[in-house]
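Here is how names work: the chains are called A, B, and so on, in the same order as the sequence lines, proteins then strands, and each is numbered from 1.
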Protein chains: 4
Amino acid sequence: MNRKVPTASGTTRAGTSSARRQQILDTATAVFAEKGIIGATVRDISERAGILSGSLYHHFASKEEMIIDILAPVVQSQIDEFDRIVERQSDPAEILRLVIAAEVAQSARTPNVARILRQDEHQISALGGLDEVVQHRRAIRTRVESVITNGINAGQFRPDCDPRVISLALFDLTLGAYRHLKPLGRYSTEELTKQLTAVLLNSLVVAENPSKRPAR
Amino acid sequence: MNRKVPTASGTTRAGTSSARRQQILDTATAVFAEKGIIGATVRDISERAGILSGSLYHHFASKEEMIIDILAPVVQSQIDEFDRIVERQSDPAEILRLVIAAEVAQSARTPNVARILRQDEHQISALGGLDEVVQHRRAIRTRVESVITNGINAGQFRPDCDPRVISLALFDLTLGAYRHLKPLGRYSTEELTKQLTAVLLNSLVVAENPSKRPAR
Amino acid sequence: MNRKVPTASGTTRAGTSSARRQQILDTATAVFAEKGIIGATVRDISERAGILSGSLYHHFASKEEMIIDILAPVVQSQIDEFDRIVERQSDPAEILRLVIAAEVAQSARTPNVARILRQDEHQISALGGLDEVVQHRRAIRTRVESVITNGINAGQFRPDCDPRVISLALFDLTLGAYRHLKPLGRYSTEELTKQLTAVLLNSLVVAENPSKRPAR
Amino acid sequence: MNRKVPTASGTTRAGTSSARRQQILDTATAVFAEKGIIGATVRDISERAGILSGSLYHHFASKEEMIIDILAPVVQSQIDEFDRIVERQSDPAEILRLVIAAEVAQSARTPNVARILRQDEHQISALGGLDEVVQHRRAIRTRVESVITNGINAGQFRPDCDPRVISLALFDLTLGAYRHLKPLGRYSTEELTKQLTAVLLNSLVVAENPSKRPAR
DNA sequence: TATGAATGAGGTTTCATTCAT
DNA sequence: CATGAATGAAACCTCATTCAT
C-alpha cells in the first residue's frame, strides 16, 4: 500500500494513489478552477466524479488534502524547474527568459492549476496546511528578485528598475497566461512566451546598441 | 475614500447613505480585503463595526449589496476617468500612460478595493448582481485594446504585440499596484507609475531613435 | 454584554449567560444524562428545547462547550466544598464523613450531572477541553487519599486499608448515589448518607471500644 | 480469555469460531476498553487487527455482534459462577464473600471486559440486542439483594442496611477492581479481594463479639 | 436604529455497512 | 478470506438572513 507513485513530485501522502484517486483529483481540479476553492463544494466535486460526497473520503482525508495534492506537485515542479535553470545558466537575462518560458509552459500544461493559483491566492494563504505551498511560491519569487538584482549589479539591467516590482510582474503575467492559451485562447505556448518575454525584458535590459535589442 | 458617487446604478435600496452606513462600508471594505469576499462573514464585519450582525440589515439589504456599494463607485470612477482621458488625448501612447497613472492612483486611493478586485475576481463574476461591475471592467479593457490597436495601425506600436495580451497585462499590473504602495510598500504613486509605465510601454513603442526611448 | 452571572463558579465563557442559555443548558443536561454525551445529538437537545439545531450555536460555540458549561461548575463546587471541609476539620474520620455527605448532597442537587460524570467518565477524559474538569476530579481524589493516609498514620484508621482503594470506593459509591435518591429512588439525602457512611467508615475506623463504633 | 462458552445465546451467526475470529475479538476487546464502545470505530479495530474494515464483516455480522460476543460469555460465566456458589453455600455472609472473590477474579481474568462493562454501562443498555446481557446482569444483582435480605432476616446482617444499596455497592466496587489489579495496579487478586471484602462486609455483619469480626 | 433570538439551507465530515472482484 | 470502492444516513457546525421587541 502507498507505494511511491511518480506524482510528478514527492508529495505522495496518506491516501492511496490509485488511478481512481487521480481521476477524482483531475475532476476536482476542474471544479476548483471553475468555482473557486471555497465556492466548489465537496458535493459539486463528487457529483461530477459520479460518486457520493461521503465516498470522496475514502480517497482523501479532507477537502484540504485534495487541494494540497492538486497544488503541491505543480508548485514543487516550478521550484525544480527553476533549480535546473539556474544550474545551467548564469546570465540573468537568459535566466529570466527561461523562467518565463517555464512558467508559461506550466500554465499550458496545467491551466486549471494555474487558474486556481491565480484566483484563490487568498484562500490558499489562509487555508493552513498549505504553508509549504505558499512558502515555496514566495521562495521562487525571492530568488527571481535576486537574479534581477544580479543583473542590475552587473550593469546588464537598468538600475532604475525595482527587482521586486519586476519579479511580481513576472509572476502576475505568467500566472495569467492560461487566459491566452489554447484551447481557450488563440496562442501557442511559444508565441505567448515571446509576447510576455518582450513585455518584461524590453523594459529591463540596457540597450547597448540597436542590433542587440533583446526581445523581438 | 469613496466620495459620494451617484452610486453608478440604481442599486441603492433600503439604507439611505447615512454616515453610519458609510462607516460600516469602510469597515466592510477592510474586512473583505483581508479575508476575501466569501471568507469575510457578515459577523466578521459587524463585530469589527461594533454592531450585531442582524443590525447590518438596517443599512444594507444583503451582503451582496454591500459588495456592490463598495465596488461599483470605484469601477464607475475608473470608467469616468478613462472617458475624460480619451476626450482630451488622441495619442495612443499618451493615453496608455495616463490610463496607467490613473489606475495606479486609484489603487493608491482605494487600496482595499483594488485588493478585492484583484483577489476576488472570480467571486465577483459569479456573484450575480454584480454583472454591471463586471461588464464595466470588461468594457474598459476592451476600450484599452482598441487604443492599442489604433496605435499599431498608426505604426506607433509594434505590430507583433497582441493588444489583448497587453491590455490584460496593463490591468494585471496596475491592479496589483497596492502591494508596492505606501504605507505598506516603499513607493509613492508617482514612482510606481514610472516603473509600471516603463515595463508596459518600452515593449510597445517602436524605438524610432535612441533619443526618443519612451520611458526612463 | 456578558456580565458575570453567578454560575456557581467562575466558569463564564464566550457565550452570553442569558436565561434562555441556562434553560437550554438544563435541557441538555437531562438529554446528556439519558442518552450519554455521545449518544445525545445536538438535534436531540435542540428538539427538546424547542429550537432548531443550528440555533443552539447562537448560545454555544460547540457541543463541547455545552458539556463543559454543564460539568465544570459542579466539579468546581465539589472542590470548593472540599476546601471548606478541610479548613474547618482536622479529624480524618470527620472529614471523610463530611466529604461523603457533601458528595451525596451534590448528587441529590444535580442528579443528572452526577449521572453524566459517572456514565461518561470515558468520553469526558477523551474530549479535550475538559482537561480542567478531569484534573479537578483527580485532584480531589488525591487529596482524599492524603486524608486517609493521615488517618492511618494517626492510628485512627486500620493500617491494612489501602488509601487508594478506599478513595476510589468513596467516589464510586457517592457518584452512584443518584440511583437511590428521590425522586427516582426511595432515599432522602440524609438517609443515604448514613448508609454509605456506614459502608465506608465501618471498615476503616479502628474499633477502640464498642461504645464508639463510628457509624450506626 | 473467553474460553469457548456455549455463547450464552443463539447470537452466533455468520462467522464460525475460527482462530482468526477469536484473534480479532481479542483485539476488539482491547480497543473497546480503550476508546469506549462508541468511541471505538470499526476502522480502529480493523487497523489494529491488520485487516481492512470491510473484511471484518466476514467474521461478524455487525459491530453489535462483536460486542455481544465479547460481553455475553463473561456475563454468562458470572451467572454460572453465582449459581455454583449458592448451590454449595447457604450462609449469606459466606456467599457474599465468595461472590466478591468471584467478581474480582473475573476482573482479573478479563480486565478489558470489566472496563467495558463499567464504562459503557449506558451504551450497553441502549444498544438493543444486548438486552440479554443487561438482563443477566440485573438478574445477578437482584439475587444478591435476596441473599442480603435473607441475611438480615436471619439476624446475621444489620437490619438498617438496605440490600439494594449494598448490592449496588458490591458491583460498583468489584467492577472497578481492574483499576487496582496487576499488571496496572499493585494488587494481586487475593489481596484486593481482602480489601473489598473488608469494606463491604464490615459494615454489614452484626458484631456479636469482638473475636468474631468478619473481615480482617 | 439596535438587539438578540431564531431560522433554514447547506457545508464538511464520519462511519457502519455492502459488494463486486 | 481479503480488498478497496462505494453507499447513505446522520453528525456537527456555519452563515446569511428575518423579526419581535
Side-chain angles (χ1 to χ4, degrees), chain A residues 1 15-16 18-21 23-24 38-46 49-66, chain B residues 14-16 18 20-21 24 38-46 49-66, chain C residues 1 15-16 18-21 23-24 38-46 49-66, chain D residues 14-16 18 20-21 24 38-46 49-66:
Chain A
M1 198 199 293
T16 325
S18 66
R20 186 81 177 101
R21 185 186 152 96
Q23 181 190 339
I24 293 172
I38 299 190
T41 71
V42 163
R43 268 191 193 91
D44 288 336
I45 296 168
S46 62
I51 219 178
L52 282 192
S53 78
S55 306
L56 276 185
Y57 290 81
H58 180 63
H59 301 280
F60 306 94
S62 64
K63 186 181 174 182
E64 198 175 320
E65 188 185 298
M66 297 187 74
Chain B
T16 21
S18 67
R20 186 83 177 101
R21 185 186 151 95
I24 292 171
I38 298 190
T41 71
V42 166
R43 262 190 194 86
D44 287 335
I45 296 167
S46 62
I51 216 177
L52 282 195
S53 76
S55 308
L56 278 184
Y57 289 80
H58 286 284
H59 300 281
F60 306 93
S62 65
K63 185 181 175 183
E64 199 175 319
E65 189 186 298
M66 299 186 72
Chain C
M1 199 198 292
T16 325
S18 66
R20 186 82 178 100
R21 185 185 151 97
Q23 179 190 341
I24 292 171
I38 300 190
T41 72
V42 163
R43 264 192 194 89
D44 287 336
I45 296 168
S46 62
I51 219 178
L52 283 192
S53 77
S55 306
L56 277 185
Y57 291 82
H58 180 63
H59 302 279
F60 305 94
S62 65
K63 186 182 173 181
E64 198 176 319
E65 189 187 297
M66 298 186 73
Chain D
T16 22
S18 68
R20 187 85 178 99
R21 184 186 151 96
I24 293 171
I38 299 191
T41 71
V42 165
R43 262 189 195 86
D44 288 335
I45 296 168
S46 62
I51 216 179
L52 283 195
S53 75
S55 308
L56 278 184
Y57 289 81
H58 285 286
H59 300 281
F60 306 93
S62 66
K63 185 181 176 183
E64 199 175 317
E65 187 187 299
M66 299 186 73

A.B. asks: Assign each of D/Ser55 and B/Ser55 to its nearest nucleotide of DNA chain F by heavy atoms, then name whichever residue's nucleotide is nearer the 5' end.
C.D. replies: D/Ser55
A.B. asks: Contact class for B/Arg20 (heavy atom, under 4.0 Å): base, sugar-phosphate, or nothing?
C.D. replies: sugar-phosphate
A.B. asks: Show the nearest heavy-atom pair for residues A/His59 and A/Ile24, with the distance to one decimal.
C.D. replies: CD2-CD1, 3.5 Å
A.B. asks: Across all strands, who's sitting opposite E/dT21 as a Watson-Crick or G-U wobble pair, both distances under 3.5 Å?
C.D. replies: F/dA2
A.B. asks: Does E/dA6 have OP1 or OP2 sitting under 4.0 Å from an N or O in the side chain of C/His59?
C.D. replies: yes
A.B. asks: F/dC13 P sits how many Å from C/Asp44 CG, rounded?
C.D. replies: 14 Å
A.B. asks: Ignoring hydrogens, what is the shortest heavy-atom contact between B/Gly39 and B/Asp44? Give both atom names and the distance.
C.D. replies: O-OD2, 3.7 Å
A.B. asks: To the side chain of B/Ser62, which of F/dC15, F/dT17, E/dT1 is closest?
C.D. replies: F/dT17
A.B. asks: How many Å lie between CD1 on A/Ile51 and P on F/dG8, as a whole number?
C.D. replies: 12 Å
A.B. asks: Please work out if A/Leu56 contacts a base, only the sugar-phosphate, or nothing of the nucleic acid, heavy-atom cut-off 4.0 Å.
C.D. replies: nothing
A.B. asks: Which one is paired to F/dA10, where only Watson-Crick or G-U wobble pairs with both distances under 3.5 angstrom count?
C.D. replies: E/dT13
A.B. asks: Nearest-Å distance, OH (A/Tyr57) to P (F/dG8)?
C.D. replies: 18 Å
A.B. asks: Can you check the C/Glu64 CD to F/dC12 P distance for me, whole Å?
C.D. replies: 12 Å
A.B. asks: Is C/Ser53 touching bases, backbone alone, or none of the nucleic acid, heavy atoms closer than 4.0 Å?
C.D. replies: base
A.B. asks: Among E/dC15, E/dG8, E/dG4, which is the nearest nucleotide to the side chain of C/Leu52?
C.D. replies: E/dG8
A.B. asks: Expressed in angstrom and rounded to an integer, what is the separation of C/Phe60 atom CZ from E/dA5 atom C1'?
C.D. replies: 13 Å
A.B. asks: Looking at side-chain heavy atoms only, is the closest gap between A/Ile51 and A/Arg20 below 4.5 Å?
C.D. replies: yes
A.B. asks: May I have the distance from C/Ile45 (atom CD1) to F/dA11 (atom P), rounded to whole angstrom?
C.D. replies: 11 Å
A.B. asks: Which residue lies toward the 5' end of DNA chain E, B/Ile24 or C/Arg43, if each is placed at its nearest nucleotide?
C.D. replies: B/Ile24
A.B. asks: Using modelled atom types only, decide if a donor and an acceptor are shared between the side chain of A/Arg43 and the backbone of A/Ser53 within a distance under 3.5 Å.
C.D. replies: no
A.B. asks: D/Val42 vs D/Met66, test: side chain to side chain contact (heavy atoms under 4.5 Å, CB included). Steps then yes/no.
C.D. replies: CA-CA 10 Å; D/Val42 165; D/Met66 299 186 73; 5.8 Å; no
A.B. asks: Provide, to the nearest angstrom, the distance between the NE2 atom belonging to C/His58 and the P atom belonging to E/dT3.
C.D. replies: 12 Å
A.B. asks: Atom CE of C/Met66 to atom P of F/dC13: distance rounded to whole Å?
C.D. replies: 10 Å
A.B. asks: Side chain of A/Lys63 only, heavy atoms from C-beta on: which candidate in F/dT17, E/dT13, F/dA6 is closest?
C.D. replies: E/dT13
